[in-house]
Visitor: 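Shown below is the structure under consideration.
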Number of protein chains: 2
Amino acid sequence: MRYHRIPAETVRRLPVYLNALLLSLQQGKSISSSELSAIVGINPLQIRKDFSYFGGFGTRGVGYNIEKLIKKIKKILKLDSHHQAVLVGAGNLGSAVLAYPGFAAYGFQIAAAYDSDPAKIGKTINNITIEDAENIINLKKKNIKIGIIAVPRQQSQAIAQSLVNAGVTGILNFSPCRLAVPKRVKVITINIATDLARLPFYMPADKKIGFALNKRA
Amino acid sequence: MRYHRIPAETVRRLPVYLNALLLSLQQGKSISSSELSAIVGINPLQIRKDFSYFGGFGTRGVGYNIEKLIKKIKKILKLDSHHQAVLVGAGNLGSAVLAYPGFAAYGFQIAAAYDSDPAKIGKTINNITIEDAENIINLKKKNIKIGIIAVPRQQSQAIAQSLVNAGVTGILNFSPCRLAVPKRVKVITINIATDLARLPFYMPADKKIGFALNKRA
DNA sequence: GCATGTGAAAATCTTCACAGCA
DNA sequence: TGCTGTGAAGATTTTCACATGC
């Protein structure tokens with residue numbers, strides 16, 4: 001099954017593995033699927049299957065060579081080179097994204113930030129000065145192909161358009177709506193509220209003790 | 001196929017539909033699957049199939065009664081009553097969550113916020129005063145069953161433990177690691193960095209024009 | 001005519017059983 | 001013996017084809 005197309009669900013898990021592997025680097029040279037499982041909470045069989053899509057990195061009886069595996073996963077995810085991104089929207093969420101420490105491990109860096117609110121333009125957060133959103137042009141020249149959108153719903157489509165015009169081909173979208181973009185542009189949407197909204201579905205129902213006891217009696 | 005168990009993937013889409021339906025309420029009485037599709041970007045066939053799991057809300061030739069559908073989806077997701085939640089971690093991300101305007105539409109309200117940093121305890125953000133994380137006790141009494149974790153990785157497991165001890169049965173976790181909790185507790189993890197990390201995989205490769213032309217020639 | 005609703009087919013993803021190797 | 005690797009089975013999800021009803 002070597003050199004198979006990598007399933008979307010596996011691609012979703014790869015960054016999780018990568019994160020855990022980077023943390024395990026200092027623990028030793030190799031890691032077994034069950035050790036990795038204990039860290040990420042994904043069953044070891046699934047992990048082995050995922051790794052099998054891109055060939056033999058494991059040693060039977062031992063486990064996987066951490067360093068080689070990291071390199072391979074980075075290559076597959078195209079994280080072997082660094083990526084620069086721009087942020088649009090320097091409100092509460094945008095500012096948090098700007099200060100988020102977790103991007104560096106994957107080789108991401110935020111190179112510029114924009115807002116359309118005059119009160120925010122010119123301010124500096126985390127060494128980055130907010131620029132006018134009108135200036136979102138020619139990002140291609142600066143080799144920036146990723147945009148992060150953290151503006152209100154009403155503005156997000158227009159911002160997406162500007163980003164695409166400026167050369168962006170990947171968008172991380174925090175606004176709670178669909179973005180219409182050309183097919184070549186990939187959008188990944190994070191919607192905090194919709195994720196929270198399915199939590200109650202999975203939570204156990206309240207026990208109304210009196211009735212519950214009667215029912216079970 | 002009526003009164004079938006609702007698939008996990010459908011549950012994931014229900015909040016998205018709900019969001020769109022709430023926005024459509026003012027547009028008219030009913031909405032067809034293709035109109036809804038245009039808003040949410042999910043194909044109409046999938047939408048009809050999803051709705052079919054909980055019975056006939058549509059009128060053939062017309063569409064779905066928006067109001068009834070909203071009620072039904074809210075009931076399924078257990079969003080027909082309001083939910084109070086607590087936030088732990090008032091750093092950049094936590095503060096953004098505290099100010100996030102998107103929760104109210106689903107009936108969520110953040111009732112309290114905690115941090116363990118003395119510099120933050122006592123501060124007020126969005127009318128909520130940050131309390132000492134040591135005080136995370138007896139949330140059950142206040143009818144709070146949802147916790148939102150926005151603390152650094154190292155502290156997240158301990159906080160999860162406190163929340164569970166205090167009576168929480170649902171956790172929205174922003175820290176980039178797995179939380180070990182009893183089976184009855186549902187955890188949904190949002191990891192901004194891992195989502196961003198799979199963007200390059202889907203982005204088109206740079207064309208090195210010279211070579212590309214040669215190769216295709 | 002138009003849009004919902006549903007059993008069946010197709011595609012995708014996960015789990016199983018066990019072969020292969022250090 | 002211990003852990004990886006893989007074809008096949010099983011489960012889940014999506015898509016299809018078309019029946020149904022306003």
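The sequence lines fix the lettering, A, B, ..., with proteins before strands; numbering per chain opens at 1. Keep in mind the model is a prediction, meaning the values are calculated, not measured.
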Visitor: Select one nucleotide: of C:dT14, C:dG5, D:dT13, the one nearest the side-chain heavy atoms of B:P7.
Guide: D:dT13
Visitor: Between C:dT4 and B:S33, is there an OP1 or OP2 to side-chain N/O distance shorter than 4.0 Å?
Guide: yes
Visitor: Would you say the base of D:dG5 and the side-chain of A:R48 have a donor-acceptor pair closer than 3.5 Å?
Guide: yes
Visitor: What's the CD-C1' distance between A:E35 and D:dG2, to the nearest Å?
Guide: 12 Å
Visitor: Among C:dC13, C:dA22, D:dG7, which nucleotide has an atom closest to any side-chain atom of A:T59?
Guide: C:dA22
Visitor: Rounded off to whole Å, could you give me the CG-to-C1' distance for the A:L69 and D:dT4 pair?
Guide: 13 Å
Visitor: Checking side-chain polar atoms at under 3.5 Å, does B:Y17 have a donor or acceptor matched by the opposite partner on B:D50?
Guide: yes
Visitor: Expressed as a whole number of angstroms, how long is the span from B:L36:CG to C:dA3:P?
Guide: 14 Å
Visitor: Taking the side chain of B:L45 as heavy atoms from C-beta outward, which of C:dT4, D:dC3, C:dT6 is closest to it?
Guide: C:dT6
Visitor: Does the separation of the ring centres of A:Y64 and A:F51 fall below 6.0 angstrom?
Guide: yes
Visitor: Counting distance only, does the side-chain N/O of B:Y106 pair as donor-acceptor with the main-chain N or O of B:P15 below 3.5 Å?
Guide: yes
Visitor: Does A:S95 use its side chain to pair, donor to acceptor, with the backbone of A:G91 at less than 3.5 Å?
Guide: yes
Visitor: Between C:dT14 atom C1' and A:R13 atom CZ, what is the distance in whole Å?
Guide: 8 Å
Visitor: Specify the separation, in whole Å, of atom CD1 of A:I47 and atom C1' of D:dG5.
Guide: 14 Å
Visitor: Indicate, with a heavy-atom threshold strictly under 4.0 Å, whether A:G61 touches base, sugar-phosphate, or nothing.
Guide: base
Visitor: Over how many whole Å does the gap from A:D50 atom CG to D:dG5 atom P extend?
Guide: 12 Å
Visitor: Of the options D:dG2, D:dT13, C:dT4, whose atoms approach the side-chain atoms of A:R60 most closely?
Guide: D:dG2
Visitor: Is it true that a side-chain atom of A:H83 and a backbone atom of A:K78 form a donor plus acceptor pair closer than 3.5 Å?
Guide: yes
Visitor: Taking for each residue the nucleotide of DNA chain C bearing the nearest heavy atom, is the 5' side occupied by B:Y64 or by A:Q46?
Guide: B:Y64
Visitor: Give a yes/no on whether any side-chain N or O of A:N43 is located under 4.0 angstrom from OP1 or OP2 of C:dT15.
Guide: yes
Visitor: Which part of the nucleic acid, if any, lies within contact of B:F57, taking any heavy atom under 4.0 Å across all strands shown: a base, the sugar-phosphate backbone alone, or nothing?
Guide: sugar-phosphate
Visitor: Taking atom C1' of C:dT12 as reference, at what distance in whole Å does atom NZ of A:K49 sit?
Guide: 13 Å
Visitor: Nearest-Å distance, CZ (A:F51) to C1' (C:dC13)?
Guide: 17 Å
Visitor: When we call it a touch if two heavy atoms are under 4.0 Å apart, what does A:R12 touch: a base, just sugar-phosphate, or nothing?
Guide: nothing
Visitor: Which of these nucleotides, D:dT13, C:dG5, C:dT14, is closest to any side-chain atom of B:R5?
Guide: D:dT13
